[in-house]
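First comes the structure, then the notes that go with it.
Note that ligands are numbered from 1 as they come in the structure, with each ligand's atoms numbered from 1 the same way.
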Amino acid sequence: MTEKKVYPPEMMEKLISLAKRRGFIYQGSEIYGGLAGTYDYGPLGIALKNNLKNLWWRMFVDGRDDMYGMDAAILMNGRVWETTGHVAGFADPLVECTKCNRRFRADHLEDKTKCPDCGGALGPERQFNMMLSTRVGAMEDSSAISYLRPETAQGMFVNFKNVVDSFHPKLPFGLGQIGKAFRNEITPRDFIFRLRELEQMEIEYFVREDDWQRAFEEWRVAMGAWLDLIGIDRARTHEVDIAPEDLAHYSKRTIDFEFDYPFGQKELYGLAYRTDFDLSRHSEASKVDLSYYDEATGERTVPHVIEPSFGVDRTLLAVLLSAYTEDEMGGETRAYLKFHPRVAPIKAAVSPLLKNKPELVEKARTIYKALKAEIPQIIWDDNGNIGKRYRRQDEIGTPFCVVIDFDTLGENPELLDTVTVRDRDTGTQQRLPIPELISFIKKEIQ
Ligand code: GAP
């Protein structure tokens, strides 16, 4: 077994502080003291998140002939969650301290008798339902109760028939969607790892029953390819087959993709064989026939389902942790984000060497506008001296810094209309002719 990579000391504090200082992720409702289990994505955080979601959509929906995209409502008829068993059983074991009244997840405690905070005695274990409920409409009675979905999956199952009727897809085929989900976690913790408001990217892939093992294996490999695409450190990922006694009630086989976070090896993604559980239950409860007429076999059956499920926030956390690097450059220690250029929130920063030379600024502005028109995630940066700009851009993971100097203007005639392009990881610079800049950056961010 290969040894686990070691994080720098206080890794989470360093990452959380960088994320806040540089505008990636803020505590939710911070000026009011926060709201546990919620975080807000700032300008760079949303850029990173959008890049990841767009790559996911391109790889798993637009890039395939057997996938259909969806965007279902967050609020669903309460019967959906009764049918799936969530109302009765989507629960975690809770214990409460009899002295300080703090609540804990029993399965996260080594000693289930003593409060880890104040040492008081813990009360009996009970099941705590994680569904967040709300009221819909003007009625105040129980008929108005609805739930914020705890997974995006059900929005796809309840639309199975709609998509089949509109598109007549052949098995195997899948639905994919990205959206928010809500869970009233007992102990939200570890930054954006365990949230109460989270986002998921999920796929429900419908197969013939006898084809599930092949499809499961195909998706296991595809999930690995995704980790590579977005630059998640594969030395820190693990595939763990969940033991039969630990499987969710709907699953016959699940693999967790786990990641070595600074706080331990824990779940990043899940891949589950959900059998025909959901479609059959919804068919029964709604009295709408959700079977599928298979032209290839001439049979009518309820398809079985393979579900690759990706948390967006955990993706960001694993990408940030994989990218975080400390090294020495120019005799100084530097901390920077070594994002793959395709996920980096900013692809390049454009600067005039000196901001008090109008001829440099004018030329730099022209180049900046031309680049931005082709590659929107480009920024103008003329703050401080050039060394400071490089440090700042390194820290937010900008792979390239483009600098316009006097040679660009022809001080050295051989270098007329060339710019320097500095590489974030090595600090080395190359000179590129202006007409080649766009294609150079476009190639790197593919
Ligand atoms: N539809 C299946 C499903 O929801 P899950 O394992 O409960 O399965 C799927 O959740 C993924 O959603 C997880 O692998 C994780 O990436 C993410 N996730 C789940 N709960 C989360 C939470 N409280 N905070 C952040 N992400 C979470």
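The heavy atom nearest to atom 12 (O) of ligand 1, out of those in Glu185, Arg196, Gln200, is found in Gln200. The heavy atom nearest to atom 5 (P) of ligand 1, out of those in Met156, Arg183, Met130, Glu151, is found in Arg183.
The pair Arg103-Glu96 meets the salt-bridge criterion, with a side-chain N (NZ, NE, NH1 or NH2) lying under 4.0 Å from an Asp/Glu carboxylate O. Salt-bridge formation is detected for the pair Glu218/Arg64: a Lys NZ or Arg NE/NH1/NH2 atom is positioned less than 4.0 Å from an Asp or Glu carboxylate oxygen.
Under the 6.0 Å distance and 45° angle rule, Arg236 counts as a cation-pi partner of Tyr7.
Residue pairs meeting the side-chain hydrogen bond (donor to acceptor under 3.5 Å, both in side chains) criterion with at least one member in residues 154-165, sequence neighbours excluded, are Glu151-Gln154, Gln154-Asp278, Gln154-His282, Asn159-Asn162, Lys161-Asp165.
Of all protein heavy atoms, the one closest to atom 9 (C) of ligand 1 is Ser309 OG, 3.0 Å. Of all protein heavy atoms, the one closest to atom 24 (N) of ligand 1 is Leu195 N, 2.8 Å. Atom 14 (O) of ligand 1 has its closest protein heavy atom at Glu267 OE2, 2.5 Å. Residue, atom and distance of the protein heavy atom nearest to atom 17 (C) of ligand 1 are Gly311 CA, 3.7 Å.
Ligand 1 lies nowhere less than 4.0 angstrom from a heavy atom belonging to Asp313. Not a single heavy atom of Arg189 sits closer than 4.0 Å to an atom of ligand 1.
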Distance-only donor-acceptor pairs under 3.5 Å for side chains of residues 71-79, two or more places apart:
residue: Asn77; atom: OD1; partner: Arg79; partner atom: N; Å: 2.9
residue: Arg79; atom: NH2; partner: Ala285; partner atom: O; Å: 2.7

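In summary, the atoms of ligand 1 found under 4.0 Å from a heavy atom of Glu307, numbered by their order in the structure, are 1 (N), 2 (C).
Contacts with ligand 1 closer than 4.0 Å are made by backbone heavy atoms (N, CA, C, O) of Leu268 only, the side chain lying farther away.
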